[in-house]
Structures are given as C-alpha cells and as structure tokens.
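Encoded as structure tokens, the structure appears first; notes follow it.
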Amino acid sequence: MTSTRNPILPGATIGIFGGGQLGRMTAMAARAMGYRILVLDPDPACPARFVVDGCIEAGWDDAREAANLARGCDVVTLEIEQISPRSMDAAAALAPVRPGRAMLSIIQDRIEQKDWLRRNGFPIGPYRAVRSLDDVRNAVLALGGRCFCKSATGGYDGRGQGKVGFNPDASVEEEVQGAWEALGQAAGVVEQAISLDKEISVLVARSPSGEVKVYPAAWNHHEHQILAWSVIPAPISSDLESQARKIATDIADTFQLEGILAIEFFVTTDGHLFVNELAPRPHNSYHASERACITGQFEQHVRAICDLPLGDTDVVQPGAIANLLGDIWYNPDSPKAFDKQPNFAAALTVPGVRLHLYEKLRPRKGRKMGHLSAVASTPEEAVARVQRALQLL
Ligand SMILES: Nc1ncnc2c1ncn2[C@@H]1O[C@H](COP(=O)(O)OP(=O)(O)O)[C@@H](O)[C@H]1O
Ligand SMILES: [Mg+2]
C-alpha cells in the first residue's frame, strides 16, 4: 500500500548520525542531487568531514547535540546503529528521523533483533540469548559445541565475538571463558555455527509513502569475520534469489521501514536460507551497486528518506569490490608502523578498476580505509579484476 508522497526536495538539508565512510558516501550522493548535509560524529576528523556543510562533534548518546542536528535539518538519517533512544527522540521532536527509533531499538540489540525475526516467522539459525558465564556454557552445550558468541550491542566486523569449538588445542571450558570475555562479560547471543555454502545479502529500500524496491543479491566473501570482497549479481539459483528478495521485502514491510535496510543471509550447505543480521543503513556489501546497478545504494538511501520515487535496482553490468584494510599500510620496519604507501597507480592499470578512499587519517589493522571496485562482463571476471588490483598494491 502506498500513500501520498510528501517529498523533501533538493536544496533541503539532510542530517546524518555518523560521519564514517557510509555517511561520507551518502553525503556525496546527496550533494550530487543538490542537498545540503550536516553530520554528527564523535570524531571531528571523520571521513564525512571533508564533504559536508557542517559537522557536530558529539557522542551517540548526546541528546542535546542530536536536537541541534535536527534543528538545522529537514530530515535526519543514520549510518550506524548505535544511536541512543534518547538522541533519536530528541531529534524526532524537531525533524522526521528515518529510519525511526522503534525499528532501530530492535535492530541495535542482537537479542531483540533475533527474537523479532523469530517471532515474525523469518528463518534464522539456532541461537540462545546469554547473560552470564553459565548461560554461555549451557547454550554451547545445547547448540552442539561449535558456536559463534556475539555481544548484544556495539559489535561489528567480528568485534565483540568469540568462537567455541574451533580450537583443537583448547578445552571447551577455556573457550567458553574466552567467549564470555569476548562478550565483555555482558549480554549476548550464542549461535550454532552454520555450515555455509556461501553468504549473500539483499538490500531493500522503502519510502515513507510505502514504495519498495529490492536489489539483486550480492555474494559476500568474509575473511576473519570481515568482508573481503563482494559481487553483484550473486551466482545463485533464481529460486534462492527470489526467496531472499521476498524475505527482504517482507522484513521491510513488517518494520514499515523508512530508508534502506541490508539483510545478511547464510546459504547453508543443504541449500537453506537463514537471516544472519540486519543493518538499517547503507552496507559494505552494496558498494558495488554504485557501478553494477542502475541506482547506487547511497542515492537510493537519499531518495528513500526524502520520499522521492525510488530508483531502479536492475544490474547494468556485473560489479565487484574488495575492501582496503589498514593492514596494507603496515610497515614493520618503520617506527610509525602504518606509513607504507600502497601502489595505487599499479592497481589502477587493471581494466575496469576504480579506487575509493575514505580519507581516514590513521590506518590500523582491520580498519576499513577504502575499497577497489571493478566492472566486467561476468561476476567472476569482476572479482578477478579487483583481486588482481589488490595484489598489485
Ligand atoms: N552462526 C554462524 N555460523 C557460521 N559463520 C558465522 C556465524 N556467525 C557469524 N559467522 C561469520 O562471521 C561473520 C561476521 O559475523 P556477523 O554476525 O555478520 O557480525 P558482524 O556484525 O561483525 O558483521 C559472518 O559474516 C560469517 O562469515
Ligand atoms: Mg555481518
């Protein structure tokens, strides 16, 4: 069901909670369409800093500064899940906040998120909520021994996670204790380790007036629990593709999403789909949409929160990305440690390849500093091209 559109037109100001790379690239897409942008971020040197009209330096729980952000904006959105409910409310009193607080507070807590998915009948793998060391021990036992333990709040790129049953040299008790430490001795979920054929994601956009557009699935390859590369379209059966798209659309409708939402899925070795996790914002696995799809995810984000007609999501050409982590700047011989200059010029000799850097000032191991993208006539060739470029760095 769609209702009357009430668009926020170019020339208006968009506020973004978060000025990381996702906020930066949203701001760049918004700028290209003629919007003005303010961001709120604790780091005054955040990546969005260099492309926005103003940056408010404040934490995610600073309700007063959240109100100041909203006061200067026609609509407010986010690029990170950790915004406190108080800040969301303070902003919502002064401008529409999309996505809204109700959905965010479910998604920002892994326990709530999983319980919501289960309650609403979406397919997810076996899990237990845990709040003590005893809970972790019992959950591991109940789930068969090989488990991923994830903190309820704040984790990303595998942070706040511990594994049990993967280290043949450790006792179960040692691993359980290690997992409880990884959770920061606080609430979390213990999930059964799923036997994965592959990981995919689907991005869905929904506007306040109820229009929905869903993207073709992306195929994602993780290393050490961090996305290494991703490609659109995913090489999966049309049956699996339509199942994943249907789940994504149903989740967006059930939440009455206003904005964009990425759904990460596990494809099990016996061909089933489980929802892994939700992200109510642009997503690393859709960076390739900028080049592979008619409408890139960042423009779609802007269109959705501004209640503009959503863009087409069809693939125009296969596209892949590979993340550039801080590791490639690492120089063991230097006292500064991260001052190696990657050979970007060499990488850019590979046909179809482009470079995207986020202007982060301090590289660190595992920190996402940028990505390479490539287009080609097949998804396999697009992946091969970004990988070749990566090797030339
Ligand atoms: N239950 C699981 N079974 C198998 N692999 C998992 C499981 N949970 C996580 N992983 C692996 O770890 C990665 C990161 O976990 P995820 O829950 O997506 O956390 P993050 O918020 O860090 O992205 C996943 O993409 C997947 O590769
Ligand atoms: Mg994930």
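For clarity, every value in this text was computed on a predicted model and none was experimentally measured. As the structure lists them, so they are numbered: ligands from 1, and atoms in each ligand from 1.
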Of the protein N/O/S atoms, how many lie under 2.8 Å from the Mg ion (ligand 2): 3
His287 versus Ser373, side-chain donor and acceptor atoms under 3.5 Å: no
Short side-chain donor-acceptor distance under 3.5 Å, Asp270 and Thr268: yes
Tyr127 versus Asp115, side-chain donor and acceptor atoms under 3.5 Å: yes
Expected output: side-chain Asp61 to main-chain Ser84 donor-acceptor under 3.5 Å: no
Trp229 and Trp219 aromatic ring geometry - parallel, tilted or perpendicular at 30°/60° bounds: perpendicular
Ion pair Asp134/Arg137, N-O distance below 4.0 Å: yes
Neighbouring residues of ligand 1, heavy-atom cut-off under 4.0 Å: Arg110, Phe148, Lys150, Tyr156, Asp157, Gly158, Gln161, Glu191, Gln192, Ala193, Ile194, Leu196, Glu199, His222, Gln225, Glu264, Phe266, Asn276, Glu277
Carboxylate-amine/guanidinium contact Lys340 Asp333, below 4.0 Å: no
Results of side chain to side chain contact (heavy atoms under 4.5 Å, CB included) for Val315 - residues two or more places apart only: Pro216, Ile232, Pro233
Residues which pass side chain to side chain donor-acceptor pair (under 3.5 Å) with Ser105, listed by chain and number, not counting sequence neighbours: none
